[in-house]
Every structure is written in structure tokens, then in C-alpha cells.
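Structure first, commentary second.
None of the values given here were measured: they were computed from a predicted structure.
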Amino acid sequence: MTASPTAPASIIGAGSAGIEVNAREPIAELFRDLRTSPHGLAGREAARRSLVYGRNELARRTGRRWPGELLSQFTQPLAILLAVAAGLAWAGGTPALAVAVVAVILLNAGFAFVQEMQAEHAVDALAAFLPATAQVIRDGARAEIPARDLVPGDVLIIAEGDRISADARIIGGAVTVDLSALTGESMPATRSAEPIEITGSLLDAHDLVFSGTTCTGGEASTVVTRIGMHTELGRIAALSQRGKTQPSPLETQVRRATWIIAVVAVAVGVAFLPIGVWAGLGWSAAINFSIGLIVANVPEGLLPIITLALAVGVRELARKGAVVKRLSAVETLGSTTVICTDKTGTLTENRMTVTRLWLPGTELDATGKVDDPRAAVLAAAAAACTSAQTPTDAQSSGSGDPTELALLRLATHHGVAVTRGARDAGRRTIFHFDAHLKRMTSVDETAGVVAVHTKGAPETVLPCCAALDEPTRHDLQHTIDRYADNGLRVLAVAHRVLPAGAPAPMRRDEAEAELTLLGLVAMADPARDGVAEAVASAHRAGIRIHVITGDYGPTAAAIAHQVGIGGAGGRIVTGDDVDRLSDADLDRLVAGDDEIVFARASPEAKLRICEALRAGGNIVAMTGDGVNDAPALRHADIGVAMGRSGTDVAREAATMVLTDDNFATIVTAVNAGRRVFANVRKFVLYIFAHAVPEVVPFLIFALSGGSIPLPLTVLQILAIDLGTETLPALALGREPAEPGLMDRPPRPRRTGVIDRKLLLRAWLLLGGVSALLVMGGYLYTLMRAGWHPGDPTGPGTALHHAYLQATTITFAGIVACQIGTAFAARTDRASLFTIGLLSNPLLLWGILFELLFTAAVIYAPPLQHIFGTASLNTTQLAIIAPFPLIVWGVDEAARWVARRRSVSRATRSSHDMSR
């Protein structure tokens with residue numbers, strides 16, 4: 001879209017990508033550049049500008065993503081590999097095998113697609129921050145229009161309770177604005193037409209207001225400078241949409257592992273294809289042999305079991321107050337090395353509370369019982385000088401300025417509750433909070449007595465008070481400094497009772513004169529219960545915690561110190577400091593072990609901090625609740641949003657939402673994530689261990705040139721991989737956490753689910769022992785029937801039934817070894833006896849199903865025909881009965897040796913240090 005020839009370049013800059021209007025320039029020049037006036041635009045001119053600059057709306061990403069998401073499930077390495085195997089099976093004349101493999105592909109894809117598919121609604125949630133209508137001056141008269149029809153140059157009227165619908169410059173009046181959605185600052189900010197020289201962020205300008213924020217008091221007229229995607233809110237929307245969601249560590253590791261498995265399977269299959277031909281099998285038999293090797297090497301159940309295990313973790317976390325929107329986020333939390341947390345609403349309750357009262361000559365705890373009657377007078381005066389809405393019931397917290405709500409609660413606590421109706425009915429005059437004076441005054445009538453009530457910053461209220469001697473002033477200053485050092489917000493409250501019949505003062509300077517100081521009120525946004533304990537637990541787990549907030553640095557640092565983040569006098573870095581740092585300097589800043597408070601941080605600064613931490617190899621969990629947190633939540637390894645106090649924008653951008661807004665739930669989720677990772681390794685070990693006894697029979701068959709008949713069929717392998725092993729593997733995913741799990745440091749980002757130690761244990765120890773047992777049982781069964789190498793065993797031969805029983809022994813033997821492997825896999829290094837043989841009832845039920853399924857395959861005639869099995873007698877069952885105990889016993893002994901070596905190394909290390 002292009003501007004009309006008559007549109008000035010400066011106006012184009014307000015609504016397009018051209019030259020930008022300088023919202024801070026003198027007001028006369030701003031009116032000139034925007035070609036408007038305090039009387040607003042004409043209706044026809046506004047309509048023309050709407051065509052030029054478009055709607056005051058946020059752009060949305062469009063397009064249906066699910067076809068691509070579904071297609072991607074069929075392009076995974078294992079899916080491609082299995083598809084090739086299915087094609088070869090079909091070409092080789094075994095359509096039943098081809099259909100079975102295709103079913104495996106569809107099962108894997110269906111699980112992954114259903115569990116992972118989710119819609120992205122972040123920008124839609126941002127759009128909800130824009131109001132439906134706005135009050136403007138059009139054609140010289142005040143009118144209400146749809147907010148989407150606002151254009152640069154419109155004169156927008158803002159009043160208490162309004163949600164601001166565009167970026168604008170104040171031209172008259174004063175308002176207090178809740179900027180927390182954009183800046184994270186918990187205290188409302190005052191904005192007025194009188195500019196104060198500010199060289200920092202636009203958000204700090206005292207004469208500018210911004211789209212998506214809320215007016216909490218006062219009234220002002222403004223001129224619109226930016227709309228739509230060119231507002232501060234639009235800029236955050238653009239940041240939220242930028243880039244793609246990064247894969248989690250688990251996703252990366254599983255993808256890497258699947259490629260390794262695919263390469264190994266293909267390499268083994270291709271390598272032994274000529275061997276089979278050389279051994280005289282013929283091309284058809286050799287191809288089926290290679291397919292068998294590929295299928296034996298591919299753990300068909302791996303992906304659906306991982307998906308289901310993560311889904312179970314998601315359900316468990318939801319019951320504990322954490323809703324995870326992406327399955328892999330569960331595991332990501334377990335590998336977290338750094339938590340970047342907001343202060344307001346995350347570490348604190350986002351609820352100002354009066355904690356201390358100073359009265360002339362004494363100091364009181366405001367949260368307890370106070371007998372001094374002067375405290376009630378102070379509380380009543382402070383509550384009278386408010387405009388917030390009082391709570392309507394015990395469950396309601398009211399609405400308005402959090403400081404004023406705290407004062408209203410203070411009055412209720414001292415038995416002098418001030419209701420909104422009584423307050424407004426008795427109000428004679430009000431002088432709203434002024435940013436320069438830093439105080440507010442009201443003239444109120446209560447029970448026939450008219451009094452002036454003033455509250456504000458002590459340095460501005462005290463000069464208005466009379467009869468303050470030097471010792472009192474010294475005590476006041478000492479108290480104010482002490483409160484500030486503790487991160488408390490301090491207000492001074494004063495009053496003056498007017499003589500009976502005296503008129504209420506109409507001028508501010510008249511009202512705020514010869515006041516009597518009632519006392520000081522100190523308040524804090526208290527830390528949430530359990531946060532300090534959660535922080536300590538995170539530290540024991542080797543996790544660093546940085547505070548990234550829009551709040552004032554010393555206040556944030558005081559709260560951080562209270563809950564155990566950082567130390568006394570910990571480092572504070574402002575958003576401006578971050579902006580001045582190069583990427584290399586920022587990388588060095590966050591590379592140390594210090595925990596830092598980043599104050600007044602912009603959305604870009606949060607992104608840079610997150611990226612610097614990730615560049616240093618950290619796995620970052622970013623918490624937040626405001627609109628300004630959305631970009632960082634989206635780009636962190638895992639974004640954690642607050643469910644109660646957080647905005648819809650933050651919840652949609654995050655991968656996990658805390659329904660209880662409790663920081664402690666994050667640590668609970670970290671524990672769950674570590675347990676999920678450990679359990680994934682357990683069932684990966686369990687699944688991989690069976691590849692060896694499944695592959696070895698094919699290798700023996702090929703290397704013997706066919707003189708040893710094939711000990712296992714491909715369909716029997718599928719019966720194992722998709723039938724007998726699935727439920728026990730899922731049960732291993734529900735193992736409770738091993739002791740000391742949260743006392744270990746986070747694992748490095750590059751640490752994979754599958755590593756050398758796991759492969760050696762799976763393939764060499766568990767798999768090797770299983771293969772020896774299984775092949776021993778197979779050969780023993782054949783030889784006992786009189787078989788010798790090279791004897792025919794096909795249909796119609798004398799040894800055919802013995803051969804079927806021998807392959808059944810192989811099949812049942814692998815299942816028996818699975819049971820031993822399942823118990824061995826329950827612990828990584830500890831003895832099984834330390835956690836109890838029966839402590840995982842789900843595993844016992846899984847093994848029971850495994851035994852019943854195996855019995856059906858062996859003894860049910862229809863299944864015998866499909867899988868090529870034969871019934872086993874008691875003697876043959878006795879052969880495989882000890883297999884579970886042997887497999888588990890060998891692994892238990894190996895872990896005992898490993899523990900002894902570890903203790904020995906620790907003893908030598910301790911001895912060396914003592915020397």
C-alpha cells in the first residue's frame with residue numbers, strides 16, 4: 001500500500017515503513033508533522049488516512065500448518081527406513097510382512113502427530129489487548145469509534161479504566177498508567193503533558209502512552225503517533241513471530257539416535273546381502289534375510305513409547321500445577337541449567353502489602369495487632385486519599401493501583417474500612433497524583449468533619465507539614481533510608497482538619513499547606529510462600545537463577561536476596577547496560593557463576609540475555625507473565641508462563657503454564673523432567689538390549705551358509721518389538737525418581753539419551769548374555785531332536801516340528817530375557833534391592849501381559865500359523881525359566897563392581913586431598 005501524493009513523509013512514517021515521526025519533538029512541530037490539531041481530524045480526513053495506513057490491528061500469521069506437520073512424521077529416519085523395508089518385503093513376495101511394517105509406520109506417525117500438533121495463538125492473544133472502541137475528537141466533537149479505525153493524528157481521549165489502543169503523546173491532563181504488561185513494572189506510572197528530559201527508552205518518556213496498557217487514574221487528551229504493528233505492542237508481536245521454535249534436547253538426541261540406528265541397520269542389511277547370496281540362499285531369500293536384519297535393528301516401538309512416556313509426564317505435571325503444551329518440554333526442564341525469572345507475580349505475589357508503620361515516637365508491625373489508636377487514624381486517612389475500587393467480598397482483591405489497594409486493606413485490618421460508596425459520597429475535592437509533586441490530596445467529609453488528606457513520597461509530603469522538629473526529621477530520614485534498603489516502598493501520610501463551616505480549598509497549594517504528619521507507611525510486594533525453599537532446591541540441583549524484570553533494580557535485588565537468589569549486594573545490571581554491551585561482552589557477563597538481577601529490561605534485552613546464555617551451552621528456562629515476556633518465552637529452551645496472573649499472550653507464547661503461579665512448581669517440574677530423562681534411558685536400554693538376541697540369529701544363519709536354519713522369523717521379531725516389550729517399557733517410564741536425583745548437577749546440553757555407556761550395557765552385557773542364552777536354547781532343542789548342521793528342517797521333513805519348537809524357544813527365550821532386562825534397567829547404578837522388587841506395580845502388570853501374550857502366540861493355533869510357533873512342553877519351558885534371573889544377576893553383579901570402584905576412587909581422591 002502506498003501513500004497518496006498529498007500525504008507528508010512524516011505521516012507515512014507513523015503508519016508504514018517510511019520516515020518515522022519523532023514523538024518527542026515539541027508539540028507544535030508534532031501537530032505540524034501529523035497535520036492535525038488539538039481539535040482532532042475531520043471525518044473525511046480520518047477515512048482517507050485509514051485507507052493509506054490501514055487498520056489499527058496486529059498482523060497475524062496465516063496458513064494451515066497441519067499438513068506439513070503430518071508429512072514430517074513420515075520423513076523421520078526410522079519411518080523412511082521402515083518404508084524401504086516394506087517395499088522390499090512386498091517385492092520379495094511377503095505381503096503380510098509389508099502390511100505389518102506399514103502398520104508400524106502409521107502407528108508411529110499417528111502417535112507423534114496427535115501428541116505434538118498444536119496451534120500458535122500468541123498474536124491473537126496480543127490482539128485481545130486492544131480495546132474494541134476508543135474515544136476521539138472528530139469534526140470538533142467527542143465521538144466513540146472502533147479502535148481499529150484509529151489513525152495517526154487522531155486526538156484520543158483516555159480516562160480511568162480505559163485500555164489504551166494506540167501509541168500516543170499526551171497534549172493535556174495527567175494519567176496514571178499500568179505499564180506492567182509492557183515493562184514488568186509493578187507500580188503504575190504517571191504520565192502528563194509536561195515532558196521531562198528522558199534520553200533512555202521511549203517507555204520511560206513521561207508524556208507518552210502506549211497501546212495495550214491501562215489507565216488506572218486521571219484523564220488526558222493525546223494525539224496518536226503510531227498504530228497497529230508499528231506500536232510498542234506491535235513490535236513485541238513481531239518479535240514473538242520471529243524465528244522458529246527450536247527443537248528440545250530430547251528431540252535433537254532422539255533424531256540423532258534414529259539416524260544412527262538407520263545407518264547401522266542399512267549397513268548391516270547391505271553388508272550381509274552378498275553374504276547370503278554367497279552362502280547359496282538365492283536373491284529372494286537373501287533379500288528377505290536383509291529385511292529381517294533391518295527390522296531386527298530398528299526398535300519399532302521406540303518412538304511411540306517415548307511419546308507415551310512423555311504424555312504420562314505431562315499428565316502428572318498437570319496434576320501438580322504445570323500444564324505442558326509440548327511433550328518434549330518435560331525432558332527439557334530436567335536438563336535446565338539456568339532459570340531466568342521475572343520478579344513481579346513470579347517470585348512475589350504481585351500484591352502490595354503494608355508491613356511497617358512509623359508513628360511519631362514509635363514503629364509498629366502493620367501485619368499484627370496494633371493497640372495505638374494513632375495507627376487507625378493513619379490508616380483511615382491513607383485509605384480516604386485513594387481512588388481504587390474496594391473489594392466487593394472476601395474473595396475479591398478490588399481493582400486499581402496496587403498501592404492504594406494495600407492502603408484500603410490496611411484500613412480494613414485496623415477496623416476503619418473505607419468503602420468506595422462512602423468515600424466518593426463524602427469527597428469534596430480531589431487533586432490527583434502528580435508526577436512532579438509525587439503526591440495526591442483529597443478533601444473529604446466524614447461524620448460532618450471536613451479534612452484534607454495527603455499521601456505521597458516522604459520528600460514531597462514532609463515539606464508541607466508543620467511542627468516537625470530536628471530530632472523528628474532525623475528519625476524520619478533514618479527510618480526512610482532503612483526501609484528503602486530493605487526494598488520497601490515508603491509513603492508519608494498527613495492531614496489537616498478544616499474549621500467547621502470553612503469552605504473546601506479549591507487550589508492545590510491551599511490544600512497542601514500546614515499539614516500534620518500522621519506517619520509513614522512502608523509496604524512490600526512479598527515473596528511467595530515456598531519460593532525460598534524452591535530456590536534452595538534449584539541451587540542444590542546446580543541450577544543458576546537470574547532475575548530479569550522491568551522493576552527498579554534495588555527493589556528487585558532486595559526481593560531476590562530474600563528468597564536466596566544472589567547474595568547481599570548482588571550485581572544489578574540495567575536494560576540500558578545490556579544495550580551498551582556487545583554480544584561478546586554479554587556472553588562473558590553471563591558465563592560466570594554469579595546470579596544477576598537484570599532490571600528495567602526491554603523485550604530485546606531479554607532476548608539477548610537468553611541467546612547469550614544459550615550460546616554458552618546453557619539450557620534456559622524463562623519465566624514471565626506479561627506481554628513484554630512473550631518473545632523471550634517463545635525463544636527460550638522452555639518458556640514458563642504464569643496461569644493466574646499472567647496475560648494470555650504470555651500463556652500462548654510459553655511451552656509450560658503454571659496454573660498456581662508458584663515458582664516452587666518449576667522446581668517440581670525440573671525434578672519430573674530429570675526423572676523422565678532417566679526413565680527414557682531406562683526403556684531405551686531395555687529396548688536396545690533386545691536388538692542383539694534378535695540380530696545374532698540372522699548372523700549365525702548367514703555365516704553358516706544356511707546350514708544352521710534361521711532361528712527367528714521377522715514376524716516373531718515384530719511380535720516382540722510391538723507386542724511383548726511395549727507395556728514393560730511404558731512401565732519403566734513410570735519409575736519413581738532414584739534417591740539424590742536433585743542433588744546432581746545438570747547434565748551438559750550435548751549429553752544424549754544414548755551414550756557409549758548405555759550402548760555397552762545394552763549390547764555387550766545385557767544383549768550379549770541374552771543372545772548366548774537364546775542361541776543355546778535354540779541349538780539344544782534342535783540337537784536333542786537329532787538335528788545336525790545342514791539337515792533339512794522345512795515343511796514335510798522329520799525335523800520340521802522340532803525346528804518350529806526351536807524357533808519358539810528362541811522367541812520365548814528373548815521374552816524371558818526381556819523380563820530380566822526390565823528388572824535390571826530399573827536402576828542405573830544402585831542395587832535393585834534398594835528400591836524394592838515390587839515398588840513398580842505397573843511393571844509387574846506389564847510383565848504379566850507379556851507372559852499372557854507370549855503364551856497366546858505359542859499355544860493359540862491361529863497365532864501359531866501366523867507367527868510360525870509350536871507348543872512347548874514342560875521340559876522346554878524349564879530351559880528358559882532361569883533366563884530372567886541369569887540376565888538380571890549378571891547386570892546386578894556388574895553394577896556392584898562399578899559401585900565398589902566408585903567408592904574406591906572417591907576414597908583415594910579424599911586421601912590425596914587430605915595429604
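Here the side chain of H414 pairs no donor or acceptor atom with the backbone of P373 at under 3.5 angstrom. Although no hydrogens or angles enter the test, the distance criterion places no donor-acceptor pair under 3.5 Å between the side chain of R356 and the main chain of L520. Proximity of a side-chain donor or acceptor of R439 to a complementary backbone N or O of T460 within less than 3.5 Å is detected. With hydrogens and angles disregarded, no donor-acceptor distance shorter than 3.5 Å links the side chain of E219 to the backbone of G173. Not a single donor-acceptor pair under 3.5 Å links the side chain of R374 to the backbone N or O of L518. In this structure, T231 contributes its side chain and A166 its backbone to no donor-acceptor pair below 3.5 Å. Put simply, the side chain of T623 gets close to the backbone of D342: a donor and an acceptor are under 3.5 Å apart. Remark: the backbone N or O of M352 is paired with a side-chain donor or acceptor of R409 at under 3.5 angstrom. R191 contributes a side-chain N or O that, together with a main-chain N or O of A205, makes up a donor-acceptor pair within less than 3.5 Å. In this structure, the side chain of T225 engages the main chain of D167 through a donor-acceptor pair within 3.5 Å.
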- Message: side-chain hydrogen bond (donor to acceptor under 3.5 Å, both in side chains) for T472 and D475? Distances and angles first, verdict last.
- Response: CA-CA 5 Å; T472 301; D475 186 24; over 6 Å; no
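Between atom CZ of residue R169 and atom CD1 of residue I27 there is a gap of 4.5 Å, rounded to the nearest 0.5 Å. Distance check, rounded to the nearest 0.5 Å: CG of L378 to CG of L407 gives 9.0 Å. Between atom NE2 of residue H478 and atom CH2 of residue W358 there is a gap of 12.0 Å, rounded to the nearest 0.5 Å.
Salt-bridge annotation for R496 and E514: absent, with no side-chain N of the basic residue lying under 4.0 Å from a carboxylate O of the acidic one.
Heavy atoms of other residues, nucleotides or ligands lying less than 6.0 angstrom from CG of D529 number 12 at most.
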Could you list the donor-acceptor pairs under 3.5 angstrom formed between side-chain atoms of residues 532-540 and any protein atom two or more places apart in sequence or on another chain?
unit_1	atom_1	unit_2	atom_2	d
H539	NE2	E595	OE1	3.3
H539	NE2	E595	OE2	2.7

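Looking at heavy atoms from C-beta onward, H495 lies out of side-chain contact with V493 at the 4.5 angstrom threshold. Taking the side chain as every heavy atom from C-beta outward, V590 and V338 never approach each other to under 4.5 Å. Between V443 and P505 the shortest side-chain heavy-atom distance falls below 4.5 Å.
Only one option out of L156, V175, L208 pairs with I170 in a side-chain contact (heavy atoms from CB on, under 4.5 Å); it is V175. Screening L515, V461, T454 against T441 for a side-chain contact (heavy atoms from CB on, under 4.5 Å) leaves a single residue, T454. Results of the side-chain hydrogen bond (donor to acceptor under 3.5 Å, both in side chains) test with T386 over E404, H453, R423 single out R423 as the only residue that passes.
Classified by interplanar angle (parallel below 30°, tilted 30° to 60°, perpendicular above 60°), the ring pair H546/F598 is perpendicular.
The salt bridge (Lys or Arg N to Asp or Glu O under 4.0 Å) search around D424 returns R420, not counting sequence neighbours.
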